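A quick write-up on the structure given underneath.
Indexing begins at 1, ligand by ligand and atom by atom, following the structure's order. Given the structure is predicted, the values throughout are model-derived calculations rather than measurements.
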Amino acid sequence: MAASDISAGLSGDPDRDPQLGHVVVSEAELRQRIAELGKQITDDYRDDVPLFVGVLKGAFLFMSDLARAVDLPVEFDFMAVSSYGSATKTSGIVRIVKDLDLELTGRRVVVIEDIVDSGLTLNYLLKNLATRDPASLDVCALLVKEGQQKVEPPLRYVGFRIPEDFVVGYGLDVAERYRNLPYICTYRG
Ligand code: 5GP
């Protein structure tokens, strides 16, 4: 393999990596929408200290950029879940791989999710978190796949509604690759 082939694979540039398709959300669009979401959350939670609960691993970039767009004291915790199902479809049976460190009692919780497809993963998580007595429980999802939801979890904040194609980048992976792309694009593999 030539050195240029290796760098093409590593760079994840859709012009050079044949596995990647077209850009669905560009870097500039992400920046602008996240600034808007940050302002909205700042207004909605004024005088409060929201607790951002990030769903690992996909939400880590979004959560970090969103938090910097919020002009309030914010606290953070993380959950990691693993969904049973095929490589690209969830079954709705979810296992908590890493639970929260903090108590939710009386807290205003904002769940930060990368993408809502069937909605089953988020639905399970919300039911679980609701039993822990938070003062409020909202969701901020970066991406929602249009028309794919089998259940409709309540989504207070949505970044972008996108078509059903499988996407990677900006936190989203295939076998742990492509998470560091600064934009979201389709995956052809
Ligand atoms: P759901 O339970 O809503 O069907 O699936 C949610 C989870 O499936 C997401 O948190 C994500 O891990 C994964 N997922 C769904 N659609 C995509 C996609 O287009 N690309 C990637 N990389 N993961 C996806």
Side-chain angles (χ1 to χ4, degrees), residues 9-14 17-27 29-30 33-34 37 51-67 76-100 109-131 137-189:
L10 288 177
S11 76
D13 183 338
D17 185 332
Q19 305 272 56
L20 299 180
H22 63 276
V23 173
V24 177
V25 187
S26 71
E27 203 173 344
E29 288 168 325
L30 282 168
R33 184 71 187 120
I34 290 169
L37 289 171
L51 173 62
F52 280 13
V53 169
V55 185
L56 294 173
K57 299 177 192 172
F60 80 107
L61 286 182
F62 176 45
M63 183 165 172
S64 116
D65 285 341
L66 178 67
F76 301 91
D77 207 345
F78 295 92
M79 271 183 111
V81 298
S82 121
S83 305
Y84 295 98
S86 68
T88 57
K89 285 286 160 201
T90 11
S91 63
I93 301 170
V94 177
R95 187 164 61 95
I96 295 178
V97 177
K98 184 223 169 287
D99 206 344
L100 299 174
V109 174
V110 185
V111 176
I112 313 292
E113 177 66 299
D114 52 359
I115 186 163
V116 179
D117 184 7
S118 68
L120 293 170
T121 305
L122 186 58
N123 202 48
Y124 172 90
L125 265 183
L126 289 177
K127 275 193 188 148
N128 181 296
L129 297 178
T131 64
L137 182 58
D138 287 313
V139 178
C140 181
L142 178 62
L143 304 170
V144 175
K145 285 200 183 166
E146 202 89 75
Q148 295 303 301
Q149 286 70 62
K150 290 186 185 148
V151 288
E152 300 278 350
L155 304 174
R156 182 159 185 187
Y157 309 99
V158 172
F160 301 89
R161 295 190 183 270
I162 61 167
E164 64 178 289
D165 314 285
F166 194 82
V167 291
V168 294
Y170 199 65
L172 292 161
D173 74 317
V174 169
E176 298 304 328
R177 293 283 302 273
Y178 303 116
R179 289 194 199 275
N180 62 328
L181 289 180
Y183 45 78
I184 291 157
C185 65
T186 57
Y187 178 75
R188 295 193 231 256

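- Between Gly119 and ligand 1, an N or O atom pair is found at a separation short of 3.5 Å.
- The shortest N or O to N or O distance between Val167 and ligand 1 is below 3.5 Å.
- Between Asp114 and Val55 the shortest side-chain heavy-atom distance does not fall below 4.5 Å.
- Listed by chain and number, the residues in a side chain to side chain contact (heavy atoms under 4.5 Å, CB included) with Ala80 are Leu56, Val97, Lys98 (sequence neighbours excluded).
- Near Thr121, the atoms of ligand 1 lying under 4.0 angstrom from a non-hydrogen atom of the residue are 1 (P), 2 (O), 5 (O), 6 (C).
- Using modelled atom types, no side-chain atom of Glu113 and backbone atom of Cys140 make a donor-acceptor pair closer than 3.5 Å.
- The option with the heavy atom closest to atom 14 (N) of ligand 1, from among Val24, Ile115, Asp117, Val94, is Ile115.
- Interface of Ser118 with ligand 1, defined as ligand atoms under 4.0 Å from a residue heavy atom, comprises 1 (P), 2 (O), 3 (O), 4 (O).
- Between Leu120 and ligand 1 there is a heavy-atom distance shorter than 4.0 Å.
- Taking 4.0 Å as the cut-off, Gly58 does not count as a neighbour of ligand 1 on heavy-atom distance.
- To the nearest 0.5 Å, the span separating CG on Leu30 from CG on Leu142 amounts to 6.0 Å.
- Residue Asp114 touches ligand 1 through its side chain alone, judged by heavy-atom distances below 4.0 Å.
- Atom numbering of ligand 1 starts at 1 in the shown order; those under 4.0 Å from a heavy atom of Leu172 are 21 (C), 22 (N), 23 (N).
- Among pairs with a residue in residues 52-65, those fulfilling salt bridge (Lys or Arg N to Asp or Glu O under 4.0 Å) read Lys57-Glu176, Asp65-Arg68, at least two apart in sequence or across chains.
- Counting only distance, with no hydrogens or angles, the side chain of Thr186 and the backbone of His22 share a donor-acceptor pair below 3.5 Å.
- Gln148 contributes no side-chain N or O that, together with a main-chain N or O of Val144, makes up a donor-acceptor pair within less than 3.5 Å.
- Using a 4.0 Å cut-off to heavy atoms of Lys145, the atoms of ligand 1 that qualify are 16 (N), 17 (C), 18 (C), 19 (O).
- With hydrogens and angles disregarded, a donor-acceptor distance shorter than 3.5 Å links the side chain of Arg33 to the backbone of Val158.
- For the ligand labelled ligand 1, residue Asp173 lies inside the 4.0 Å heavy-atom shell.
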